[in-house]
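To start, the structure under review is shown below, and the notes come after it.
Atoms within a ligand are numbered from 1 in the order they appear, just like the ligands themselves. Model, not experiment: these values are computed from the prediction.
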Amino acid sequence: MTWQSPIAPGISWYQATVGERPEYPALDGSTTADIAIVGGGYTGLQAAYTLAKGGVSVVLIEASRIGDGASGRNGGQLGTGQRAYPDELEAELGYERSKALFDLAEHAKKYLLDFAAEHRIDMEFMPGQMNVAHKPGHEKEYRHTAEIAATRYGYPHLRFMDAKETAERLGSSHYHYGVHDSGTGHIHPLKLVVGLARAASAAGAAIHEMTPAIAIRRAGGKTLIDTPKGTITASRVLIATNAYIGNLEPVTAAHVMPIRSFIGATAPLDKFPTVIPGGEAVADSRFVVRYFRKSRDGRLLFGGREAYTADAPRDISAHIRRQIAEIYPELSAIEITHGWGGSVGITMPRKPFVREVMPGVTSIGGYSGHGVMLSNYCGKLYAEMVLGRSSELEYLRDLRIRPFPGGPRLRSPLLFLALTWYALRDRF
Ligand SMILES: Cc1cc2nc3c(=O)[nH]c(=O)nc-3n(C[C@H](O)[C@H](O)[C@H](O)COP(=O)(O)OP(=O)(O)OC[C@H]3O[C@@H](n4cnc5c(N)ncnc54)[C@H](O)[C@@H]3O)c2cc1C
C-alpha cells in the first residue's frame with residue numbers, strides 16, 4: 001500500500017515515483033553512542049553520514065519515516081545564496097560576512113551535487129531557476145541584484161530578464177520581469193533523502209524510524225534521549241527536527257515555527273509545450289511565494305497555498321488549480337493527479353537557526369523555505385565541527401535570531417495574525 005506520512009497531508013508525486021523506500025527498524029531497548037541525532041531529514045542524515053564516515057558512533061532516530069518531513073515533500077528548488085539577497089545581508093552584516101554567507105551557500109550547492117554524484121543518487125537534477133516579479137516597480141532592484149552578484153560576489157550566472165524574455169521563458173505574461181539563474185536548478189527531493197539515508201546507513205550510522213524522542217535530559221555529564229522503548233545515552237546531541245519540534249525542546253520551539261505549504265502535480269503537459277520550455281524552476285515575489293517547475297516527465301509541480309494553523313485543508317488540488325489558472329489560463333481544467341503539503345520551519349528574520357540549546361546539545365533548522373541545499377550542508381558542517389575539521393558553521397551560528405514573540409501560548413496566534421496580514425498584501 002502507498003505510504004501516507006502521518007505528519008503531513010496528501011500522497012505526493014514524489015512518493016508515487018521514488019521507487020523502493022527502505023525501512024529502518026524502530027529502536028527496541030536502550031543504547032549508547034558518541035552522538036545521537038533527533039530527526040531524519042537532510043540535516044540529521046547528512047550529519048549522521050559524515051560522522052559515521054569519520055569513525056564516530058552515531059544513532060539517528062526519526063519519529064515517522066525518513067522523508068516524511070520537509071525533506072521528502074518540498075519544492076525541490078536549490079536556489080543560490082541565502083534566502084535574503086546579498087545586498088540586504090550586506091546592509092545588515094557588512095560585506096565580509098555577507099560574502100562568507102554567499103560563499104557558504106555556493107559550497108552547499110557544490111557539496112550537494114558532488115554528494116549525489118558520488119553516491120549515484122539520481123535526484124533528477126534539472127538546471128536553471130528564475131525569480132519573477134508579480135508587481136511592477138522594482139525593476140531597478142532586480143537589475144542591481146544581478147549586477148552585484150557578478151561584480152561583488154563572483155557569481156556570473158544571474159541575468160536580468162525583461163518582460164518579453166520573462167513571458168517567453170515562462171509561457172505566461174503574468175509576470176513583469178525577473179532574473180534568470182543558470183548556476184542552480186531543481187531536484188526530486190524524496191529520491192535525495194532516501195539515497196542519503198542509504199549512504200548514512202552504509203557508512204555505519206544506526207538509523208531507527210518510528211522512534212520519537214519524548215524527552216531530552218542531562219545526567220552524569222551525558223545527554224539522555226527517552227524514546228518509547230529505550231533511552232539513548234550520548235556525549236553530544238543534534239536536534240534536527242526543524243518545523244516538527246513540537247514541545248520537545250523549548251529554545252528551538254521559541255525560534256523555529258511551522259508554516260504549512262502545499263503542492264499539486266498536474267498530469268504531464270505534453271499538449272502545452274509553451275509552459276516553461278527551458279525546464280527551469282520558478283519562484284515569484286509574492287509574500288506567499290508561488291513556486292513551480294516541470295518534472296522530468298513533464299508535469300507542472302506547483303506550490304503556493306500556505307496555512308498558518310494545524311487544520312488540514314479539505315481540497316489541496318482545487319486551490320492549487322485556481323492558482324495555476326491565474327498564471328496559465330489554458331491549464332484551468334488540467335487534472336491535478338497529486339496534492340500534498342508539508343511544514344516549512346521559519347525563524348523571525350528568515351535565516352537559519354544554529355545554537356547550542358543545552359550543554360552538548362546543538363539545534364539546527366529554520367531555513368525558512370531555503371533549506372534544500374543549506375540543510376544538507378549544515379548537517380555536514382555540524383559533523384565537521386564535531387570532528388574538529390571545519391568551523392564554517394560559525395557564520396550561521398553567529399546570526400542574530402530572535403525568538404518569536406508571545407511565549408508558548410501566544411506565539412502561534414500572533415504568528416497567524418502577522419502572516420495573514422502580509423499574505424493579504426499580495427492581493428493589492
Ligand atoms: C512544501 C514545502 C516546500 C518547500 N520547498 C522548498 C524549496 O523549493 N527549496 C528549498 O530550499 N526549501 C524548500 N522547503 C524547505 C526544505 O524542505 C527544508 O528546509 C529542509 O528539508 C529541512 O530539512 P531538515 O532535515 O532540517 O527537516 P525535515 O526534513 O523537516 O526533517 C525533520 C524530521 O524530524 C523528525 N522529528 C521531529 N520531531 C521528532 C522527534 N521528537 N523525534 C524524532 N524525530 C522527530 C520529523 O519527523 C522529520 O522527519 C520546502 C518545505 C516544504 C514543506
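- Residue S64 holds its OG atom at 9.5 Å from CD of Q4, rounded to the nearest 0.5 Å.
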Check against ring-ring contact (aromatic ring centres under 6.0 Å, His included), H255 and F353: CA-CA 7 Å; H255 290 82; F353 175 73; 4.8 Å; yes
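- With no hydrogens or angles considered, a side-chain donor-acceptor pair links D181 and Y155 at under 3.5 Å.
- Remark: Y382 OH to R236 CZ distance equals 5.0 Å, nearest 0.5 Å.
- Checked for salt-bridge contact, D297 and R299 meet the test: a charged N lies under 4.0 Å from a carboxylate O.
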Could you list, one pair per line, each nitrogen or oxygen of ligand 1 together with any protein nitrogen or oxygen closer than 3.5 Å, giving atom names and the distance rounded to 0.1 Å?
| residue | atom | partner | partner atom | Å |
| --- | --- | --- | --- | --- |
| ligand 1 | 5 (N) | G75 | N | 2.9 |
| ligand 1 | 8 (O) | G76 | N | 3.4 |
| ligand 1 | 8 (O) | Q77 | N | 3.1 |
| ligand 1 | 9 (N) | Q77 | O | 2.8 |
| ligand 1 | 11 (O) | Q77 | O | 3.3 |
| ligand 1 | 11 (O) | G371 | N | 2.9 |
| ligand 1 | 11 (O) | V372 | N | 2.9 |
| ligand 1 | 12 (N) | G369 | O | 3.2 |
| ligand 1 | 12 (N) | G371 | N | 3.3 |
| ligand 1 | 17 (O) | A70 | O | 3.4 |
| ligand 1 | 17 (O) | N74 | ND2 | 3.2 |
| ligand 1 | 21 (O) | S71 | N | 3.3 |
| ligand 1 | 21 (O) | S71 | OG | 3.0 |
| ligand 1 | 23 (O) | S71 | OG | 3.1 |
| ligand 1 | 25 (O) | Y42 | N | 3.0 |
| ligand 1 | 25 (O) | T43 | N | 3.0 |
| ligand 1 | 25 (O) | T43 | OG1 | 3.4 |
| ligand 1 | 26 (O) | T43 | OG1 | 2.7 |
| ligand 1 | 29 (O) | A70 | N | 3.4 |
| ligand 1 | 29 (O) | S71 | N | 2.8 |
| ligand 1 | 29 (O) | S71 | OG | 2.5 |
| ligand 1 | 30 (O) | A70 | N | 3.0 |
| ligand 1 | 38 (N) | Y244 | O | 3.3 |
| ligand 1 | 41 (N) | A213 | O | 3.1 |
| ligand 1 | 42 (N) | A213 | N | 2.9 |
| ligand 1 | 44 (N) | A63 | N | 3.0 |
| ligand 1 | 47 (O) | E62 | OE2 | 2.5 |
| ligand 1 | 49 (O) | E62 | OE1 | 2.7 |
| ligand 1 | 49 (O) | E62 | OE2 | 3.1 |

Working for salt bridge (Lys or Arg N to Asp or Glu O under 4.0 Å), residues R169 and E165: CA-CA 6 Å; R169 286 194 179 273; E165 182 179 353; 2.8 Å; yes
